[in-house]
Amino acid sequence: MSTITLTGIEKRFGHDVAVHPIDLAVERGEFFTLVGPSGCGKTTILRMIAGLERPSSGILEVNGREMFNGRTQRFVGPEKRDLALVFQHYALWPHMTVFQNVAFGLAGRPKAEIKERVGRTLEIVKIGGLEHRFPGELSGGQQQRVALARELVTEPPVLLMDEPLSNLDAKLRIDMRAELKNLHRETGMTIVYVTHDQIEALTMATTMVVMREGKIAQIGSPEAVYSRPASLFVAEFVGNLPFNRLEARLGADGSVTGRGFTWPANTFSPNGGGRDVVIGIRPEALRLQGSTGALPLETRIVSVLPAGSYTVAQAEVAGGERLYVQVSDDATVEADGALTLYIDPNRLLAYDPATGDALASA
Ligand code: ATP
């Protein structure tokens, strides 16, 4: 049974639609992540789940209980939803120490248990040793971690989080992602997590929802969203290297003819052939060595861009289009050199140039 179910949930602010009617089901134990560019409606969805925003229509259920019903106008307030929240803008009690702030939710428990649980939680969020400080004596990132600890310490069955790592520096953010992921695995709690950072979604989510302009652009496992993006929008939003596009003609026999390259019949399923397409390729799907069945692409290296732990090269095909290639560790490439790249046909993607949607038959 789903822990949280949204059926036709919509949110309008006056005439503006922030969230078009959507259906979502969060299963128990998921790390369910809503991701998308600023203004796409993800915070509004989280606030509706929390009960901080009243939907305009639809039905919302939490743990099998109806929290909102647009037809009957039933609405259950946030305090009665049994959900823990960590928001980007958090409020700590300024007159209480870190320890007291975190221990607040454990009031009534034996002293020794409180001490042990608060201590453990502060270690998880990496602020052990600061328990006697007051919030005013902490950095923004440290305060954010106290707010997180305050919710985690109660081990809530469902935790809603909105950009909880946004105030942290890059290194700490990576550490905290690992901690949150471990914590999720160990406790089995259900997490609904909002972020604009696609890497955060890819690294932590069990299910990710990519949002665009108040609508769901794609929902699936991070692996599926990354390797089979449903549209050019998703392909370009997700991934830390630029997504490559090539304009081409898909033949009725499944062959592909681009500007300066041709791939044989049945490169794609012939169904729906005889049309213009945009071929999509992730940079790491372009290889310097070909295995059996790989499709060749003649290029010239335009520039080589080492980035410390990996190297990216920009390669130009005969027709002038440029592609990014992630060069594997043991290979060397030089600018101005000719280079044949190879692509596993299973990693080729094809999109409709007009709508940007993935071709169903490809
Ligand atoms: P961000 O990453 O910038 O927080 P978001 O994806 O979380 O963005 P929302 O905060 O959900 O986006 O906002 C969705 C849309 O609804 C935006 O266009 C926003 O301007 C609008 N909106 C949100 N809250 C209100 C409000 N209280 N009144 C009017 N419009 C609002």
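Counting starts at 1 for both ligands and their atoms, following the listed order.
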* **Intermediate values then yes/no, side chain to side chain donor-acceptor pair (under 3.5 Å), Arg54 and Gln73** => CA-CA 10 Å; Arg54 192 187 174 102; Gln73 286 302 312; 2.6 Å; yes
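- Using a 4.0 Å cut-off between a side-chain N of Lys or Arg and a carboxylate O of Asp or Glu, Asp344 and Arg287 do not qualify as a salt bridge.
- More than 12 heavy atoms of other residues, nucleotides or ligands lie within 6.0 Å of OH in Tyr226, so this atom counts as buried by the packing criterion.
- By the 4.0 Å heavy-atom criterion, Lys42 is counted among the residues contacting ligand 1.
- Open room surrounds CD on Gln289; 12 or fewer heavy atoms of other groups in view lie less than 6.0 Å from it.
- Within a 6.0 Å sphere centred on CD of Glu247, heavy atoms belonging to other residues, nucleotides or ligands number 12 at most.
- Under the 4.0 Å distance rule, the nearest protein heavy atom to atom 19 (C) of ligand 1 falls outside the cut-off.
- Remark: Arg81 qualifies as a cation-pi partner of Phe75 under the 6.0 Å distance and 45° angle criteria applied to the six-membered ring.
- Using a 4.0 angstrom heavy-atom cutoff, Pro37 counts as in contact with ligand 1.
- Scanning the protein for heavy atoms near atom 3 (O) of ligand 1, the closest one is Ser38 OG, 2.6 Å.
- Within a 4.0 Å radius of atom 9 (P) of ligand 1, the protein has at least one heavy atom.
- Of all the atoms in ligand 1, the ones that sit under 4.0 Å from a non-hydrogen atom of Thr44 are 9 (P), 11 (O), 13 (O), 14 (C).
- For the pair Thr43 and ligand 1, the shortest N or O to N or O distance falls below 3.5 Å.
- Under a cutoff of 6.0 Å and an axis angle of 45°, Arg150 and Phe104 do not form a cation-pi pair.
- Scanning the protein for heavy atoms near atom 17 (C) of ligand 1, the closest one is Gly39 O, 3.8 Å.
- Polar contact with ligand 1: absent for Phe13 (N/O pair, distance under 3.5 Å).
- Scanning the protein for heavy atoms near atom 16 (O) of ligand 1, the closest one is Ala18 CB, 3.2 Å.
- Considering both main-chain and side-chain atoms, Cys40 comes within under 3.5 Å of ligand 1 through a nitrogen or oxygen pair.
- Ring pair Phe261/Trp263 is tilted by interplanar angle, where 30° to 60° counts as tilted.
- Using a 4.0 Å heavy-atom cutoff, Gly36 is absent from the residues neighbouring ligand 1.
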